[in-house]
Structure formats: structure tokens, C-alpha cells
A.B. asks: 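Supplied in C-alpha cells, the structure appears directly below.
Basis for what follows: all heavy atoms, side chains included, without hydrogens, waters or symmetry-related copies.
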Amino acid sequence: MSKIDTPNEFIEVFGAKEHNLKNIDISIPKNKLVVFTGVSGSGKSSLAFDTIYNEGQRRYMESFSAYARQFMGDMERPDVDKITGLSPVISIEQKTTNKNPRSTVGTVTEVYDFLRLLYARISEAYSYNTGKKMLKFSEEEIVENIFEKFKGKKISVLAPLIRGRKGHYRELFEDIRKKGFLKVRVDSEVLDLKERMQVDRYKIHDIEVVIDRLAVTDDMKVRVSQSVQQALKMGKDLMFLLVNDTNAIVQYSKQLMCVDTGISYEEPSPNAFSFNSPYGACPTCKGLGNVYTVSMEAILPDMSKSIKEGGIAPLGEQREASMFKSVEALAKRNKFSIDKPIKDLPQTALNMLLYGNTEGISEDILDFENLPEHDPYGGEFEGIIPMLKRWFGSTSSTETMREWTEKYMELKRCPSCEGARLRKESLWFKIDEKNIAELSNLNLDKLQLWFTDLETRMNNKQNVIAKDILKEIRERLQFLLDVGLTYLTLNRPSRTLSGGESQRIRLATQIGSQLQGITYILDEPSIGLHQRDNHRLITALQNLRDIGNSVLVVEHDKDIMLAADYLIDIGPKAGRFGGNIVAQGTPQEVLKSGSETAGYLNGTKGLEVPKTRRTGNGKTLELKGVVGNNLKGVSVSFPLGKLIVVTGVSGSGKSTLINETLYPILSKHAYNSRTQPMEFSSVTGLEAIDKVIEIDQSPIGRTPRSNAATYCGFFTDIRTMFAAVPEAKIRGYNAGRFSFNVKGGRCDVCEGGGMRVIEMNFLPDVYVPCEKCNGKRYNRETLEIRYKGKSISDVLNMTVDEAVEFFQAVPWMYRKIKVLQDVGLGYITLGQSATTLSGGEAQRVKLSTELGKKDTGKTFYILDEPTTGLHFQDIKLLMDVVNKLVDRGNSVLIIEHNLDVIKMADHIIDLGPEGGDGGGKILFEGTPEQMIKNKVSHTAKFLKIEMGL
């Protein structure tokens, strides 16, 4: 084989200069598991995503015609000289899959689609009235059944024409008479057909035509068969049998039907089990499982107040407003007082106020398709509740109006379907006594177990039909279990998944697709994954590699680094001090390199275990009887003035306990927030806390104009400082002159953006520095104002490290910027766009903002996996900052899997023992030294190894 025919064994990158990359050249082996690592901000993502992935995507887009590209948009070429050996690229990033409330784990993974098909083909129907199995008959079966049950008896064969409807039906009777029929059964009474026959048009009627009257004998078999055929044809697959001597009615249907009550179901189709289809969705909640209802507690917060004093919250206190005048007129007309406490008002008066009628008739559930109508000039008082529903649901309402009305609404489980999302008929189709919603509520490991021996619980016909469907479902479930998602359920909404969970779902989907020759690029797939489940993830990545793919992973996890075929360490520092290849090779080769990462991997560096644990301030926050999601009525104590770490395997209930129960309780106590906590029995010790701060990984801004300086608030101080420069005062410039978001001082051409978008029609849009301001955002006059020789644009382009030095002589500025440096963000620029910050960086910007404020010593901080995206070195910096907070008397609670953080805790709360239904219990509360003796906890085993005990 010639050299030309040999497939390229490397992805070769030449001259990569994207972001902070220093013109690097690198050869990455193909069909291997390759891990990129290095300190946060060193350039890992710039190389893996912004260079290799973007170039792969650009090449794919180039394969389309110019006509197609104009609709899809084109991609900018990354700043790289050349990339060779690049196969088609698929990126699996941390972003959550879908914010749509209709998107679930089942729909994203397609497991639910196969489940719908399975139920449409082999499920058995049951009556929602009696719970008995529904039957359907063929014509032959009906005839056989008649001879079996009624042989020798006289019967009448009836075809139902009208069921439960009003009308006089004169034309119907005339039409039947002309066809030669002699009798009809109207409302259970058999009558002779007459000319001009009709019934009361205002009453509800049941009308059946008598097809035949005969005795069931052997010589009448053909006649019975013909009569049954005629009855089914006229009754649209439904017929009745009237037994003459007892007047008993028996129903037969070619559709699914309950023989006791006569309820019939349509033949099921996959759409009948879809909550995204009008054929399957619950009519009350439209398939969402939850409904907005009006909250009476929010509308009437204090019944001891009068209407005048603001007892009805949406009305507020008495004032000169048309709404209040309407209420006063209503009170005068109906002779009740607006000065009396609301509890003393007659119920009819209260009904008039709330519902607009004395009976109090109004559905509290908000139906967006059937909103209440109201004529503002009609003179009638609409009622507070119909008014709120109309304003909340109307498309013409402003965003402010919707937000205001939302204060009086609450999201509750749908009372019709109990959160199952499907109409009741769909929920009565079952396989092995379980409906589709019950299966969707099972943890994935239990669901897989249910499917394991399903064939033994089905009949031969079901087995033949279900064979291929079951194979697809089992394979997809196994892939999800392989990446450690045993605790999820199919009905779990996608928007509630963490970045790591949604990434692992996409990983499982890709493994299932069995593609070959692909370059997969993953961004920290280990996020939110307990050490116990790491081996599953590593196996999944290796499986992806073994079927013939290149797997490139940006990762900080020690286990994944050591399991890699090839390790690339980028650094040595962050930002402009990074962007170089520090070490590369097999993990064993990198361990000997002497790089920052190697030191932590080989044990020469690391976070030291504190010699003593803090004793706290002696006060405790106690939460009892928490039962949200999978929590089993847990009671837990949070000792204040300590560093508390909440641990446990993925899905054990950490987020439910802290983010969905504890934080809303504290927020309600400190700020009177309306966020509703999950169900709990009692809480004590709240008086020891006066402030609560939750620091998560959501972006600090969604527009390129948002940056660290604007988020942290010190950009206002910088602008004030520039406005105080003598030259600025002479010119009459105020602080607003130095804002790039308002007219005046900003560049008029790019409107303060610094970049201009040049639309190229068939070619990619090109972003170029604004030709007027050269990317400086401001006009010439504003840039002439200098502080210590620097313009406002120069300050925005400074790194945090440079800004700390520059503002050293200004204590109130220095303190705020220094905190950004303390949390390890010295490499970002003050004006760096918020959209370019990673989740971990955004979280640290938020943390530094809170650190820059004066704490009360009674503040409760909650951090959710702050080590996401952090290198070992950055975790050390983060923990230094967190320890300073605790040393000042505050309480810090961290939800974390990282053992470096867990071993530094003063108090550990461990949940488990498993995820999902197998979790939700408190396994341990105490110090790390006590925890390693715990025999049940999975975390304890790994912590013992980490602490070297």
C-alpha cells in the first residue's frame, strides 16, 4: 500500500490562534480516547470546540449549495492555518437539552416513542368505570354469542341512531319509515312508527331503530346473522339486543367496549399515548401535567383586613382608581361595607367580589384556549378572579402585567390526570397491569428490570408483534444505564436536567446510533456524576471509541484523565499566560512531565486536609419531614458557622433537599419570596439567618453587552471615576457619557458593540471591528478623557490581574476587583462578553460579587457544584475564598461530588444509598473523619482513599 493510500492516523492542527492559543501545532491520534486538560481558562475549549469542532462544522456547511446555506447561516472560519485528518464532527456539550415543558427524557431519547408504539399495538383496554376488560366482537363472534346466551329466547335487534341528544327528529323518523322499518325504541320504550312522528325537542333522547324481532333458534341463524350485519351498519359498529321477556339490554360493538356500561374506546394509535397530540393529551392541562390556578391565599392574605385596608391584594388599598370605584359601586348596590373585615362579609358579597356572581361560579384552573371575556363598558363587575385569568392569559397583556398577575397564580398538579399528562381513556390501556404513565414514572433501572422478562407475561400474539419494538426499547434503556442515569424517569422534564445529565443523555443517544468514523467532542461529561458511577461513563466513552470513532474530551476528572489513551495538558496558566501545550502523551508520560496537572495526578500536590474542624457558632437550623420527590420524610440539622458539604450519589435527593426545599424556605424568611418549597413538616432556627445567597451556574448575562464589570457593579464606579477627571468636568461629562449602552459617549456606528456585522448573503456574516472606533466602543471625544493615561476602553480591555495593579491606589475599587482575582479569574478581561464565560466562570463571577459585598456574619451561602469546570489548582483558590467566608461567621453549604471539597468540610450530610427510589435517606451527618467509618455510604469508601486512611 502506498503512503497516499494509508489513512491519516492523526488529526493535525497547524497554527491555532483562536482566543488565547499561541499559534500552536499539535497531532492528535485518531480512534483514541483523548483528554484535554489544564487550568481553567488555559485554552482547552478554544482548541477543542472553537478550533477543531468549528472547523468540522464549517466544512460540513460548505458541502451544501449556496442556496441552502442562505437559509441555514454560515460559519466563520476559526483562526487556524490548517487542520488535516478531520473526520465529521459531533459536539456533545453541557447545555441543557430543551427548555420546552413538553420535552422529557423519554421524548429526547426516543424511548417514549417506542413505548407509545408498543401500547398502540399490544395493550389491553379496561373500562375506566368498572375496571373490567374491554371487549370487541367481529360479526361472527356476535352471532355465536347470541346463540350461546339467548338460545330459545325472543329478542329484538336494535341499531342505535341517537344517543343523549336533544331534538324533535321528525326527519329521522320519516327517513326510517320510508326504508320500511316498523318500530323504534325511544327512551327505553318501543313505539310504532307513524307519519309526522316527533319527540320533545328540548329533552335529551336515546333513539334506536328495531331492525328485527325474532326467536333465537337454529333455523333462524341466517336471519340473525343478516340482522346483526344490518344493525352494525346502521349503528356504526354498535348494536343493542333487547331480550323481550326481561327487557334487558345487551350491547355489542366492533370497537373496544365495556359490556356493563356501554363505554367504547377508539382503536388505539401511537398518538393516543402522546401528551403532545390532541388525541392523547389531557384536555384540562393540554398534556403539560400542571395547570395554573388562582391562589386564594395570595388574593386574600389577611382576612382580618377590610377591602379599604387592602384585604384583597390585587386591589390594594383604597385609592382613586377605576377598579376601586367599580368595587365601591358594587358594595353600594349589594349593600355590603368595604370597611368591615373580609371575614365578616357575607359569602354572597365575597363571591360577587371574587367571581362576579353570587354563587361563586368560576373555574380556578386557567384555560388559555377559553379565556373569560369581558366588556369593559358593560357595567357589570367582572370579578377579581376572572380579571386575573384574563390578564394572565391574554396575548395582548404586557410582560409587566403578566408578571404582576403571576403573583396571584400557582402551578399545581393537574386534577384530571394527576400529572400523568394523558386523557383518562389512554391511561386505561395496560400491559401486564401497568399503563404507560406508570412505566414513565419508574426509575430507568427498574424500567429495564420490568422489560427483562416481559415475554413470559404476554401471550403468543403479543410476543410476535412486540419482538422488534422491545429490542429497540431495551437497547436504548441499556445505553442510558451505561452512562449512570439509572435514577432518572422517562417523564422527567428536560429543563430540570443538569448540564452533565443532559450531556450524558446525548452521549447515550450517540452510542445507540452506532455511527463510525466520527470525531466526538465532549465538554466535561463527568459533571454531576458520583465517583461510583465514573467507571460507567469511562466504559461508555471507550465503547464509542471501540466502534471506530475519535473521542476528544475536555475534562478535569482524575479518573477520566488516567483512563485516557492520550492526554494533552494546556497552560501553563490561564488567559494570556496560557494557550501553550505544556505536556502531551499517554497519562504515564504526562505524569512525569512536571506540569501543574501532573503534580495533582501523581500526588506531589493537592489540597491538604484541615488539621482541625470548626466548631461553628452553636446555632443550628433544623428541617424536619421533607418528602419532596424521592425524599423519604427526612429530618436534617445544618450547624451554622460551618462549611457544610452535601454529598451522595447522583439522584439521591441532594437538589430536592437543598435547592427545592431549604433555599425557598430561607428565601421566604429573609426576603419574603413567593417561591414555594417542597413539602416539609417544620423548620426551626431561622432567626439565626438574615440573608441567603444561592450561587448557581446560570449565565451572568445572555447578551454580548453583559460582562464581569457590569455584573459585579464596579463598572458604575469606573464610569463615576472617569466623570470625576478634571477634563471630563470641564467638558460637562457625567457618568452616563462613559456607558456603551446609552447614546452620548458611545460610538454611533456600532452603537457601543465594538464590532460590526457585515452581511454577505451567500457567504458567512463577517464580524469586523467598527471602522469608526476600531473596536473601542466609544467616540473620539469620550476616549480623550484619560485616567492615569488610560481611556475607558483601555480599562475594559485590561485583565483582572492588570486592573488589580492599576486600581491599587483606589481602595474601594481595588477591593471589588481583587475578589475576582481571588477566585481565580485573573485572566479574564473586565469587558469580556458574558456569553463567552463558561458555567464555572459565571459561577465564580457571582461568588466574587457576593464576596465584594459586606456580609452580616449571619449569611447562608448555597453553592451548587462550584468545582464544575475547575482545575485542581482553581479548586484550591476557590476553597481559600470559601474558607474566608466561613471564618467571618457565615455558613456555607456546598452540594458537591468532588472529594477535594468534601475532605475540607466541617460537617458532611450524605444522602443515598442509591439514586431515585433507592435514595432519599440521610445516611450520615458529621465530620469527614467520622464519615469514613460508615459502611453504607458509597461516598465514604472513596473519601477514605482520598484522605489516605
A.B. asks: Do side-chain atoms of D557 reach the backbone of D559 as a donor and acceptor pair under 3.5 angstrom?
C.D. replies: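 Yes; judged by distance alone, with no hydrogens or angles, the pair exists.
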A.B. asks: Give every donor-acceptor pair under 3.5 Å between a side-chain atom in residues 912-925 and any protein atom, sequence neighbours left out.
C.D. replies:
from : atom 1 : to   : atom 2 : distance (Å)
E914 : OE1    : R532 : NH1    : 2.3
E914 : OE2    : H938 : NE2    : 3.0
E925 : OE1    : S637 : N      : 3.2

A.B. asks: Under 6.0 Å from the CD atom of E433, do we count more than 12 heavy atoms belonging to anything else shown?
C.D. replies: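 No, not enclosed.
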A.B. asks: I'd like to know if E406 and R402 make a salt bridge, using a cut-off of under 4.0 Å between side-chain N and carboxylate O.
C.D. replies: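 No, E406 and R402 are not salt-bridged.
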A.B. asks: To the nearest 0.5 Å, what is the distance between NZ on K407 and OG1 on T405?
C.D. replies: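 So the gap between those two atoms works out to 9.5 Å.
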A.B. asks: With sequence neighbours excluded, what pairs up with F451 under the ring-ring contact (aromatic ring centres under 6.0 Å, His included) test?
C.D. replies: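 F451 satisfies ring-ring contact (aromatic ring centres under 6.0 Å, His included) with no residue once adjacent residues are dropped.
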A.B. asks: Side chains of N491 and T489: any donor to acceptor distance under 3.5 Å?
C.D. replies: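 Result is yes, a qualifying pair exists.
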A.B. asks: Of all residues at least two apart in sequence or in a different chain, which pass the ring-ring contact (aromatic ring centres under 6.0 Å, His included) check with Y663?
C.D. replies: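 Per chain and number, Y663 pairs via ring-ring contact (aromatic ring centres under 6.0 Å, His included) with no residue.
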A.B. asks: Going through the distances and angles, do V636 and L662 end up as a side-chain contact (heavy atoms from CB on, under 4.5 Å)?
C.D. replies: CA-CA 11 Å; V636 60; L662 178 65; over 6 Å; no
A.B. asks: Answer yes or no on whether R476 is positioned over the face of F114, meaning its NZ or CZ is under 6.0 Å from the six-membered ring centre and within 45° of the axis.
C.D. replies: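 Not flagged: R476 not positioned over aromatic ring of F114.
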A.B. asks: Please enumerate all residues that pass salt bridge (Lys or Arg N to Asp or Glu O under 4.0 Å) together with K430, with sequence neighbours excluded.
C.D. replies: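 K430 satisfies salt bridge (Lys or Arg N to Asp or Glu O under 4.0 Å) with no other residue.
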A.B. asks: Evaluate the side-chain contact (heavy atoms from CB on, under 4.5 Å) criterion for residues D533 and T486: first the C-alpha distance (whole Å), next the side-chain angles of each, then the deciding distance (0.1 Å), finally the verdict.
C.D. replies: CA-CA 10 Å; D533 301 317; T486 55; 5.9 Å; no
A.B. asks: Is there a donor-acceptor contact under 3.5 Å from the side chain of R536 to the main chain of V483?
C.D. replies: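 No, R536 side chain to V483 backbone: no donor-acceptor pair under 3.5 Å.
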A.B. asks: Report the residues that fulfil salt bridge (Lys or Arg N to Asp or Glu O under 4.0 Å) with K424, sequence neighbours left out, ordered by chain and then residue number.
C.D. replies: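 Result, salt bridge (Lys or Arg N to Asp or Glu O under 4.0 Å) vs K424: none returned.
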A.B. asks: Within a radius of less than 6.0 Å around CD of E418, do more than 12 heavy atoms belonging to other residues, nucleotides or ligands occur?
C.D. replies: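 It does: E418 CD has more than 12 such atoms within range.
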A.B. asks: Does the side chain of P88 reach to within under 4.5 Å of the side chain of Y60, using non-hydrogen atoms?
C.D. replies: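 Result no, sub-4.5 Å side-chain heavy-atom pair not found.
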A.B. asks: So, N629 versus T656: side-chain donor-acceptor pair below 3.5 Å or not?
C.D. replies: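 On atom types as modelled, these side chains qualify, holding a pair under 3.5 Å.
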A.B. asks: Under the 3.5 angstrom rule, does the side chain of S295 hit a backbone N or O of Y408 as a donor-acceptor pair?
C.D. replies: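 No, the answer is negative, given that no donor and acceptor are paired below the 3.5 Å cut-off.
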A.B. asks: Roughly how far, to the nearest 0.5 Å, is CD1 of I695 from CD of E865?
C.D. replies: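 Rounded to the nearest 0.5 Å, the CD-CD1 separation comes to 15.0 Å.
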A.B. asks: Is there a side-chain contact (heavy atoms from CB on, under 4.5 Å) between I436 and L439 once you walk through the steps?
C.D. replies: CA-CA 5 Å; I436 196 166; L439 289 190; 5.5 Å; no
A.B. asks: Could you state the interatomic distance from OG (S91) to CD1 (I521), rounded to the nearest 0.5 Å?
C.D. replies: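 Those atoms lie 6.5 Å apart.
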A.B. asks: For G651 and N630, which heavy atoms make the closest approach, and how far apart are they?
C.D. replies: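 Closest pair (atom of G651, atom of N630, distance): O-ND2, 3.2 Å.
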A.B. asks: Any idea which heavy atoms bring P664 and I658 closest together, and the distance?
C.D. replies: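 In terms of heavy atoms, the two residues are closest at CD-O, 4.3 Å.
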A.B. asks: Just jot down the salt bridge (Lys or Arg N to Asp or Glu O under 4.0 Å) partners of E679, sequence neighbours excluded, or say none.
C.D. replies: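 Salt bridge (Lys or Arg N to Asp or Glu O under 4.0 Å) list for E679, sorted by chain: empty.
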A.B. asks: What do you reckon, is NZ of K668 surrounded by more than 12 foreign heavy atoms closer than 6.0 Å?
C.D. replies: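 Check passes, neighbour count above 12.
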A.B. asks: If I take atom OG from residue S123 and atom CG from residue D432, how far apart are they, to the nearest 0.5 angstrom?
C.D. replies: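 Between atom OG of S123 and atom CG of D432 there are 12.5 Å.
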A.B. asks: I want to check something: taking the side chain as every heavy atom from C-beta on, are S706 and S833 in contact at a cut-off of under 4.5 Å?
C.D. replies: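 Heavy-atom side-chain distance check fails, nothing below 4.5 Å.
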A.B. asks: Quick one: closest heavy-atom pair of Q531 and L899, and the distance?
C.D. replies: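 Scanning both residues completely, I find the closest heavy atoms to be NE2-CG, 3.4 Å.
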A.B. asks: Can a donor-acceptor pair be found, under 3.5 Å and without considering hydrogens, that links the side chain of K624 to the backbone of F680?
C.D. replies: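 Pair absent, no side-chain N/O of K624 close to backbone of F680.
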A.B. asks: Look only at the side chain of H897 and the backbone of G528, and say whether a donor-acceptor pair between them is shorter than 3.5 Å.
C.D. replies: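 Yes; judged by distance alone, with no hydrogens or angles, the pair exists.
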A.B. asks: Measuring only between side-chain heavy atoms, which start at C-beta, is D445 closer than 4.5 Å to Y487?
C.D. replies: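 When only atoms from C-beta onward are counted, Y487 and D445 do not touch, as no gap falls below 4.5 Å.
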A.B. asks: Is it true that a side-chain atom of D864 and a backbone atom of N659 form a donor plus acceptor pair closer than 3.5 Å?
C.D. replies: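 Checked: no pair found.
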A.B. asks: Answer whether the closest heavy-atom distance between the side chains of V901 and V645 falls below 4.5 Å.
C.D. replies: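 Yes, close enough: below the 4.5 Å cut-off.
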A.B. asks: Would you check if N443 and L447 make a side-chain contact, meaning some heavy-atom pair closer than 4.5 Å?
C.D. replies: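 Heavy-atom side-chain distance check fails, nothing below 4.5 Å.
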A.B. asks: Could you report the tightest heavy-atom contact between A540 and L507, atom names first, then the distance?
C.D. replies: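 Where A540 meets L507 most closely, the heavy atoms are CB-CD2, 4.5 Å.
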A.B. asks: So does L870 get a backbone contact from the side chain of T867, meaning a donor-acceptor N/O pair under 3.5 Å?
C.D. replies: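 Pair absent, no side-chain N/O of T867 close to backbone of L870.
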A.B. asks: Donor-acceptor pair, distance only, cut-off 3.5 Å: does the side chain of Y671 make one with the backbone of V692?
C.D. replies: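 Yes, the answer is positive, given that a donor and an acceptor are paired below the 3.5 Å cut-off.
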A.B. asks: So does I689 get a backbone contact from the side chain of K691, meaning a donor-acceptor N/O pair under 3.5 Å?
C.D. replies: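 Not confirmed, K691 side chain does not pair with I689 backbone.
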A.B. asks: According to ring-ring contact (aromatic ring centres under 6.0 Å, His included), who are the partners of F429, at least two apart in sequence or on a separate chain?
C.D. replies: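 Per chain and number, F429 pairs via ring-ring contact (aromatic ring centres under 6.0 Å, His included) with Y265, F273.
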A.B. asks: Examine distances only and state if a side-chain atom of T496 and a backbone atom of P493 form a donor-acceptor pair shorter than 3.5 Å.
C.D. replies: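 Flag set: sc T496 to bb P493 pair under 3.5 Å.
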A.B. asks: Can you name the residues that form a side chain to side chain donor-acceptor pair (under 3.5 Å) with S277, not counting sequence neighbours?
C.D. replies: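 None.
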A.B. asks: Are S103 and V108 side-chain neighbours, meaning at least one heavy-atom pair lies under 4.5 Å?
C.D. replies: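 A side-chain contact under 4.5 Å exists here.
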A.B. asks: Partners of Q478 by side-chain contact (heavy atoms from CB on, under 4.5 Å), sequence neighbours excluded?
C.D. replies: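 With neighbours one apart ignored, the set is Q448, L481, D482.
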A.B. asks: Just to verify, what does E896 make a salt bridge (Lys or Arg N to Asp or Glu O under 4.0 Å) with, not counting sequence neighbours?
C.D. replies: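 Partners of E896 under the salt bridge (Lys or Arg N to Asp or Glu O under 4.0 Å) test: none.
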A.B. asks: Considering residues at least two apart in sequence or located in another chain, which fulfil the side chain to side chain donor-acceptor pair (under 3.5 Å) criterion with Y119?
C.D. replies: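 Result, side chain to side chain donor-acceptor pair (under 3.5 Å) vs Y119: none returned.
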A.B. asks: With a 4.5 Å heavy-atom cut-off, do N290 and K412 have their side chains touching?
C.D. replies: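 Side-chain contact under 4.5 Å: no.
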A.B. asks: Hey, is E501 close enough to R492 for a salt bridge, meaning N to O under 4.0 Å?
C.D. replies: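 Yes, this pair counts.
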A.B. asks: Taking the side chain as everything from C-beta on, heavy atoms only, tell me whether Y520 gets closer than 4.5 Å to L544.
C.D. replies: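 Side-chain contact under 4.5 Å: yes.
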A.B. asks: Which heavy-atom pair separates P415 from V291 by the least distance, and what is that distance?
C.D. replies: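 Nearest pair, atom of P415 first, then V291: CD-CG2, 4.0 Å.
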A.B. asks: Please name all residues satisfying ring-ring contact (aromatic ring centres under 6.0 Å, His included) with F275, sequence neighbours left out, ordered by chain then number.
C.D. replies: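 Per chain and number, F275 pairs via ring-ring contact (aromatic ring centres under 6.0 Å, His included) with Y112.
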A.B. asks: Distance check, rounded to the nearest 0.5 Å: R121 atom CZ versus S269 atom OG?
C.D. replies: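 These two atoms lie 8.0 Å from each other.
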A.B. asks: Looking only at non-hydrogen atoms, find the nearest pair between I122 and A466 and report the distance.
C.D. replies: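 Shortest heavy-atom separation between I122 and A466 comes out as CD1-CB, 3.9 Å.
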A.B. asks: Is it the case that R457 places NZ or CZ above or below the six-membered ring of W450, under 6.0 angstrom from the centre and within 45 degrees of the axis?
C.D. replies: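 That pair qualifies as a cation-pi contact.
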A.B. asks: Once rounded to the nearest 0.5 Å, what's the spacing between atom CG of L893 and atom CD of E694?
C.D. replies: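 Reported to 0.5 Å precision, the distance equals 10.5 Å.
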A.B. asks: Are the charged groups of R116 and D113 less than 4.0 angstrom apart, N to O?
C.D. replies: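 Here R116 pairs with D113 in a salt bridge, since their nearest N and O are under 4.0 Å apart.
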